There are 4 protein chains.
Amino acid sequence: MNQILTHPSLELIHLNKLYNSPNYIGGEMIIIMKMNASENDLDAVITRVTKEGFKTHISKGEEVTIVGVIGDERRLDQGAISRMKGVDRVVPVLRPFKLASRDFQPEDTKITINGHVIGGNKIIVMAGPCSVESLEQVMETANVVKEAGAHLLRGGAFKPRTSPYSFQGMGEEGLKILAKAREETGLHVVTEVMAPEQVGLVAEYADILQIGTRNMQNYALLNAVGKTNVPVLLKRGMMSTIEELLMSAEYIMSNGNHKVILCERGIRTFEKYTRNTLDINAVPVLKELTHLPVVVDPSHATGKWTLVKAASKAAVAAGADGLIIEVHPNPAEAVSDGEQSLKPRRFFELMAEVRRIAQAVERSI
Amino acid sequence: MNQILTHPSLELIHLNKLYNSPNYIGGEMIIIMKMNASENDLDAVITRVTKEGFKTHISKGEEVTIVGVIGDERRLDQGAISRMKGVDRVVPVLRPFKLASRDFQPEDTKITINGHVIGGNKIIVMAGPCSVESLEQVMETANVVKEAGAHLLRGGAFKPRTSPYSFQGMGEEGLKILAKAREETGLHVVTEVMAPEQVGLVAEYADILQIGTRNMQNYALLNAVGKTNVPVLLKRGMMSTIEELLMSAEYIMSNGNHKVILCERGIRTFEKYTRNTLDINAVPVLKELTHLPVVVDPSHATGKWTLVKAASKAAVAAGADGLIIEVHPNPAEAVSDGEQSLKPRRFFELMAEVRRIAQAVERSI
Amino acid sequence: MNQILTHPSLELIHLNKLYNSPNYIGGEMIIIMKMNASENDLDAVITRVTKEGFKTHISKGEEVTIVGVIGDERRLDQGAISRMKGVDRVVPVLRPFKLASRDFQPEDTKITINGHVIGGNKIIVMAGPCSVESLEQVMETANVVKEAGAHLLRGGAFKPRTSPYSFQGMGEEGLKILAKAREETGLHVVTEVMAPEQVGLVAEYADILQIGTRNMQNYALLNAVGKTNVPVLLKRGMMSTIEELLMSAEYIMSNGNHKVILCERGIRTFEKYTRNTLDINAVPVLKELTHLPVVVDPSHATGKWTLVKAASKAAVAAGADGLIIEVHPNPAEAVSDGEQSLKPRRFFELMAEVRRIAQAVERSI
Amino acid sequence: MNQILTHPSLELIHLNKLYNSPNYIGGEMIIIMKMNASENDLDAVITRVTKEGFKTHISKGEEVTIVGVIGDERRLDQGAISRMKGVDRVVPVLRPFKLASRDFQPEDTKITINGHVIGGNKIIVMAGPCSVESLEQVMETANVVKEAGAHLLRGGAFKPRTSPYSFQGMGEEGLKILAKAREETGLHVVTEVMAPEQVGLVAEYADILQIGTRNMQNYALLNAVGKTNVPVLLKRGMMSTIEELLMSAEYIMSNGNHKVILCERGIRTFEKYTRNTLDINAVPVLKELTHLPVVVDPSHATGKWTLVKAASKAAVAAGADGLIIEVHPNPAEAVSDGEQSLKPRRFFELMAEVRRIAQAVERSI
């Protein structure tokens, strides 16, 4: 599979990651023998690697012998090899993801929803309440965000909540409200799906299926949305690396659904002044590593409405293809996330300022 | 619900957590007004809180007014109140979990599996391979760990893997192998369930259902296992707080299944020499906060077999009720996690040394 | 001290922080008694607090009694009070920093260097090599960055290096090279000082004294630079919270030197694709909390030259007052940080693109 | 330098660390060329490496060429090489520390203070107040901890405090109190030194010089204590890796002072229930990597007195050579860290329980 090239400007695949997820698909790797490895140890390594269909290159240094492993992309389990007698460590050369990789597909993926192209020149804005609470609330918000220039409506009907005693969302009734708002305003809808058995139901109503941060590695769910042909907004786990985000995209894509939008929404760090730490670096990193569109959620990434505007401007300046923002007509009355939701007036301000940044990076909104 | 007391020796409920998961169930809270809050702001807060069925206590300081909120445990959404005009912040007094709380149930929960009591004086050891690979591999391991003194057999038939291209487990066939090993050795079985729709199937074969670290906040799955009466081993998310772990236990328990075993398995930090950082503090913290049994997984918490023995001894010294350990007859051939699996000989050594620690803390094994 | 107001839009002082640094200066605090606290416990608390010169407000709830503590800003040690019998926890109301606080001084601090105002409308760019290596290297870089529009020259003569075997900097000779470059180009100089006894020497040559990330809590050094009247560029510790950064600024300011420039340079997280994680949220947070100028170091915050441009644009879009960027005429030959240094050509590109962002936020450069 | 061997059981040197601190001293490394590297690129790399005195081994794979670099331990800057045209990344083979490495010195370092051997079979306990407050307080504590079986007295005369408004320690008067307590009780003294210019003064009074967590990378201070021959207790930075801790030990040792005691004192993570997270894994990791003694500070590693006993037992079970514990006759009156200090009675209990663990690991106390 010659298309799986190492991206020229990327230089590191974390060695330590090997031990976390020793699932690399690439054919090329390097086995570093221990200083005190015997000839028998070396022979055993060569025999095993050869048996699995690879060729080897032996390089004997003054102190250490290195085995280069060359071949096609059959799976070779580094964890097992690194455990062999005389082996010090194993270093892979290729990346663990393929379909999501920009090496595999150099040109940007563009996903069109209702005439709006996600991943193109235009910055796409998705806005709306955290939770669907009532038809009135959704309609009021939808009208406001449409007027301010948003392209899609967001809103949660199924809500993942830390506490079983919190409001869990309106469920199908909430989906119907979102569909009604789409009918009235023409704004297409992005909403979360939380379990494999909900996928069919949510896909009936939603234009984009959102996978939430807590479900980024819920593989049954990733497989289920991968079997639809509905675009998927995949939120980065609050505790997941950029590489793991791409591996989760790979799950969806390997099931046939290549319409994946990646979303940076803040990561968990020691800093607690903000709800999360917006990993702004992730935006240019993802644009290097993958052809998939990248959007940013400044609401969850900050957790405080006073910071949402600055974070949105930073995201667009850094190269994001879109934003997903919480707006509520009356945040103080919101059943969830009122702290980080914008009032309509502030969302208008935000759109005006983000538009200027978009122009400065030669994009429209 | 008067039983929901604040545990006397626990002094902090994270203020910042409020904004992350403003789902506190307790009735008592404190509202701190801003310095420039007007009388109207204060009246609006009092009116709202009163309307929701709470009583208030007003305390006017030289610079700041504080509203104490007193009442029963009806839900009051702090996020919304903290967003009201003139409110600086809201501080809760009670904890967000109830059924899992030691305040609610002071005596330890004891869960009996095949005559072995988890949560009692005896240290319970669960051991076996990361993945079920074949009947021979499982039988060989089961015999070894039984002989060494383990009480239960662990092994994965459904495997959550970062890469879609990695071995995903043997599925039902793996469950049948585990059942066969139980029949032959008498060791009962703990194995992972990854999706709500698998729960019925896995529960047919398993004696303990394991929820993996990536699924700790997969609420559909928590609800599903909560509806069985099979004991659940709930692994802490690799980047979840202790409080979130208890909230996830609360999900299972609020569905009726109170047989929950908590498992500390290492958290993700900046230190990358080890696969994870074993949060040994979590053991005594959990023993303070909850009545549920606490076990430790030293294999994932270190990621390196050379460290597993020391981590196991530390866990028992710190008060853990059990251990869950990866053992493989031939780690270099393991399809997953070979790096952290113990050879049989080393597992015997570990059991001997852990036994001495158990005696030192006046427990048996 | 009535000027120490709580900033209206800031709602949290981390409760857990109390136990980390129980050094709050504010007078107002709340003591929450345990549910089982006796009248004697309460009396002891009131007696102690009163003895230290505070007034109290008692609020008895159904389950919990709360003591409001009111008074001037004399120090009251929460750690000690939280340890008293019957006390559940202590919550402070005011912030731990004062001179650095925007409450204390609402208008922005402006620091003028060589006619360039840091903290005003103009975005100030400091650029140059990581390490001073030779007169030729510094002169070549200085001429380049000046031509591209930078306002100050950066370069390290004393270098903090993880390894004692690495190049430790040219020392005073390096300072002389920087002074020579200033003479030739007119660019004033920012350079690091690493020890209290070096302060006098470095201050002879430098226009801004840089405190590096590893020294953010080197209090002897903070006190020493606080006793000069040279502006200080204070880098955030890679492991320090925003609040700790402000406390370190407070150290410098409390010694009399109010010319402090804060620098966000990336924090350490679990994400290892980048050298650090740029905490872009810190920019608007600091602009809320403090009147001091805020600059961003996109070179260390990313660790990879391919990401520096995007990070710089994000920083300015988020509200930063300046940038400090590593530029090297030949990064592949740099003795340190070659990986993240920009070539001259790329620095020109960066300046052009950042200029457009500056205009979009109505600032110049 | 043939003694600098790779330790047989250690398999990873973080690739990403290279870019953080590209200061590796080892001679052997591997340069991985990009897929699209030209022959000219390869030649340039070979020429440069050869010019710096190394030999090369070229291994051409189907897609990637690898350059093995072989030679003696002259410094080769990977940062610079990794930036060369056509180079994908550089992987080192040897470790960055030498004098501290167990490869360099396989046998344990033993440091004798007043007849007590640190690093031998006996668990050494250092105990006393966080801050020296008065002669009475220190004498009372010293008598208590001596009676309970502690071997050394700890206490801070110079205190690093987050706030400039907090108690900064009694300074030299505090040192005199400690010396007086030593005279009376025979307990030798460990106390912190915060600045290079204090080293002479503190060394006059102290038997062990403590470097605090905030100063672990204060290189001027490390150099200064390295020039004495007084044993140094080096605390791990609260957000420093194990490797960085060893590099800081290397600084001290490279100045001639090989009497370094390493101290794990908890690291900063997202978990905020405890003040820090005790990295218990670090104990066996350090025992593998270095010959230096390793002690644990359970007081700072937990931040709560209720957890100190469990953490102490875990530390000894994991292989620590000693403990350093905060004890205060009246924690509620302590001027600092009262929250985590043990009362005398609880310290007696702790010593009794830790003694049993010590026996279980065949050590005395």
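Just so we're clear, the structure is a prediction, and the values are computed from it rather than from any experiment. Worth knowing before you read on, the calculation uses all heavy atoms, side chains too, and leaves out hydrogens, waters and symmetry mates.
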Colleague: Is there a side chain to side chain contact (heavy atoms under 4.5 Å, CB included) between A:M239 and B:S240? Walk through the geometry before answering.
Modeller: CA-CA 8 Å; A:M239 55 190 85; B:S240 299; 4.0 Å; yes

Colleague: Under a 4.5 Å heavy-atom cut-off, does chain B meet the side chain of A:N218, its backbone, both or neither?
Modeller: both

Colleague: Where do A:Y251 and B:T162 land on the side chain to side chain contact (heavy atoms under 4.5 Å, CB included) test, with the steps shown first?
Modeller: CA-CA 9 Å; A:Y251 257 95; B:T162 307; over 6 Å; no

Colleague: Are B:Q168 and A:Y219 close enough, and set up right, to give a side chain to side chain contact (heavy atoms under 4.5 Å, CB included), and what steps lead you there?
Modeller: CA-CA 10 Å; B:Q168 306 279 317; A:Y219 299 122; 5.5 Å; no

Colleague: Can you name the nearest heavy-atom pair linking A:S341 to B:R83, along with the distance?
Modeller: O-NH1, 2.9 Å

Colleague: Relative to chain B, which of A:A195, A:S254, A:A220 shows the most heavy atom pairs under 4.5 Å?
Modeller: A:S254

Colleague: Using side-chain heavy atoms (C-beta onward) and a distance below 4.5 Å, is B:Q217 in contact with A:P160?
Modeller: no

Colleague: To the nearest 0.5 Å, how far apart are CG in B:L221 and CG in A:L221?
Modeller: 11.5 Å

